[in-house]
Protein chains: 2
Amino acid sequence: MFQIDRFGRVPIYEQIIDQTQRLIASGILKEGDQLPSVRALSQELSVNPNTLQKAYSELERRGLCVSAPGNGRFVTADASKLVGEGCKGRLDEIRSIAEELCAAGIPLEDALGAVNAGYGKETRQ
Amino acid sequence: MFQIDRFGRVPIYEQIIDQTQRLIASGILKEGDQLPSVRALSQELSVNPNTLQKAYSELERRGLCVSAPGNGRFVTADASKLVGEGCKGRLDEIRSIAEELCAAGIPLEDALGAVNAGYGKETRQ
DNA sequence: ATAGGTGTACTATCTGTTATAGTACACTTG
DNA sequence: CAAGTGTACTATAACAGATAGTACACCTAT
């Protein structure tokens with residue numbers, strides 16, 4: 001369910017956060033679904049429970065899941081909507097990169113092509 | 001000439017590298033131009049000389065500048081071309097983000113609009 | 001030749017973040 | 001009650017980033 005890269009610069013707890021959000025965004029994790037327990041996921045990934053606790057706490061702070069002590073941790077009703085809103089900040093990232101590409105003289109078409117490719121439209125130009 | 005953010009997660013030496021590359025990409029720094037000396041820039045930015053040395057060494061490793069010991073450090077002839085090539089890797093970043101946006105249900109038009117905005121085309125949709 | 005600027009190299013230290021280890025406790029369900 | 005859940009806390013290790021300080025080699029202008 002999760003893929004951890006231990007050598008990159010992205011902290012493990014942040015990878016968990018990102019990947020959980022993606023699972024929600026793509027509909028694989030839906031409202032009411034139970035997240036893996038810190039202990040279970042700790043064993044599966046060979047990661048310290050505290051690290052996972054940190055990730056889950058942040059997801060909770062963002063309103064993507066709620067904890068039911070003694071029971072488990074579950075995806076909230078508005079998780080999907082919240083993730084969608086959060087994704088809009090990514091548009092600024094794209095805009096920022098596009099500015100650089102523009103300054104570097106990369107053709108606009110190349111940048112647009114990259115977006116289309118990400119959306120699955122394999123554009124032959 | 002340089003703007004340092006001491007609170008973000010991006011290391012200072014990396015900010016120097018990025019900003020120098022942008023200055024080259026945008027043509028503000030051209031072939032033969034002299035870069036600020038480690039000592040001078042150290043004072044201007046209140047940054048340790050070693051940190052700047054680290055940034056400059058990396059720029060040199062990438063072939064964007066050469067050092068003339070006792071003289072200064074200068075932008076190379078192919079700096080602009082090299083930066084341009086390097087920028088193409090940024091297209092993959094855009095593609096990656098676009099995939100996420102697609103999974104999150106953000107309309108393709110929004111993503112394309114962000115690219116156009118970065119290129120200075122203020123698209124009213 | 002000298003002074004002052006340049007790049008370069010090296011060691012040591014401080015700091016914050018990340019991750020781990022271990023323990024303890026409260027809660028819910030079966 | 002037992003087993004699984006979340007939660008809290010302290011302590012430690014490891015690493016990257018940044019700083020401090022020193023020393024040396026090189027070039028240029030005076």
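So that the names make sense, note that chain A is the first sequence line, chain B the second, and so on, each numbered from 1. Because only heavy atoms are used, hydrogens play no part in the values below, and waters and symmetry mates are left out as well, while side chains stay in.
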What one should report as the nearest heavy-atom pair of A:G118 and B:A98 is CA-CB, 3.8 Å

Here the pair of heavy atoms bringing B:L41 nearest to B:F2 is CD1-CD1, 3.9 Å

What does the list of N/O pairs under 3.5 Å between the protein and nucleotides 16-22 of chain C look like, with a distance for each?
| from | atom 1 | to | atom 2 | distance (Å) |
| --- | --- | --- | --- | --- |
| C:dT18 | OP1 | A:Y13 | OH | 3.3 |
| C:dT18 | OP2 | A:Y13 | OH | 3.3 |
| C:dA19 | OP1 | A:I12 | N | 2.4 |
| C:dA19 | OP2 | A:I12 | N | 3.2 |
| C:dT20 | OP1 | A:R6 | NH2 | 3.1 |
| C:dT20 | OP2 | A:N48 | N | 3.0 |
| C:dT20 | OP2 | A:T51 | OG1 | 3.1 |
| C:dA21 | N7 | A:N50 | ND2 | 3.3 |
| C:dA21 | N6 | A:N50 | ND2 | 2.8 |
| C:dG22 | O6 | A:N50 | ND2 | 3.3 |

B:E100 side chain to A:C87 main-chain N or O, any donor-acceptor pair under 3.5 Å? no

With no hydrogens and no angle check, is any side-chain donor or acceptor of B:Q21 less than 3.5 Å from a backbone partner on B:V83? no

State whether the number of non-hydrogen atoms from other residues, nucleotides or ligands found under 6.0 Å of A:E44 atom CD is greater than 12. yes

Does atom CD (B:Q43) have a neighbourhood of more than 12 heavy atoms from anything else shown, all under 6.0 Å? no

Can you tell me how far [atom2] of [N] sits from [atom1] of [X], to the nearest Å?
| X | N | atom1 | atom2 | answer |
| --- | --- | --- | --- | --- |
| B:D5 | D:dA18 | CG | P | 11 Å |
| A:L52 | D:dT7 | CG | P | 13 Å |
| B:Q43 | D:dA20 | CD | P | 13 Å |
| B:Q53 | D:dC24 | CD | C1' | 13 Å |
| A:R39 | C:dT23 | CZ | P | 14 Å |
| B:N71 | D:dT28 | CG | P | 5 Å |
| B:R73 | D:dC26 | CZ | C1' | 13 Å |
| B:F74 | D:dC26 | CZ | P | 18 Å |

Base, sugar-phosphate, or nothing for A:Q34, non-hydrogen atoms under 4.0 angstrom? nothing

For a side-chain contact (heavy atoms from CB on, under 4.5 Å) check, start with the C-alpha distance between B:D110 and A:L91, then their side-chain angles and the critical distance, and finish with the verdict. CA-CA 8 Å; B:D110 290 4; A:L91 291 174; 4.1 Å; yes

Under 4.0 Å between a side-chain N or O of A:S67 and OP1 or OP2 of D:dT7? yes

Side-chain contact check for B:S37: nearest option of D:dT28, D:dG6, C:dG7 is C:dG7

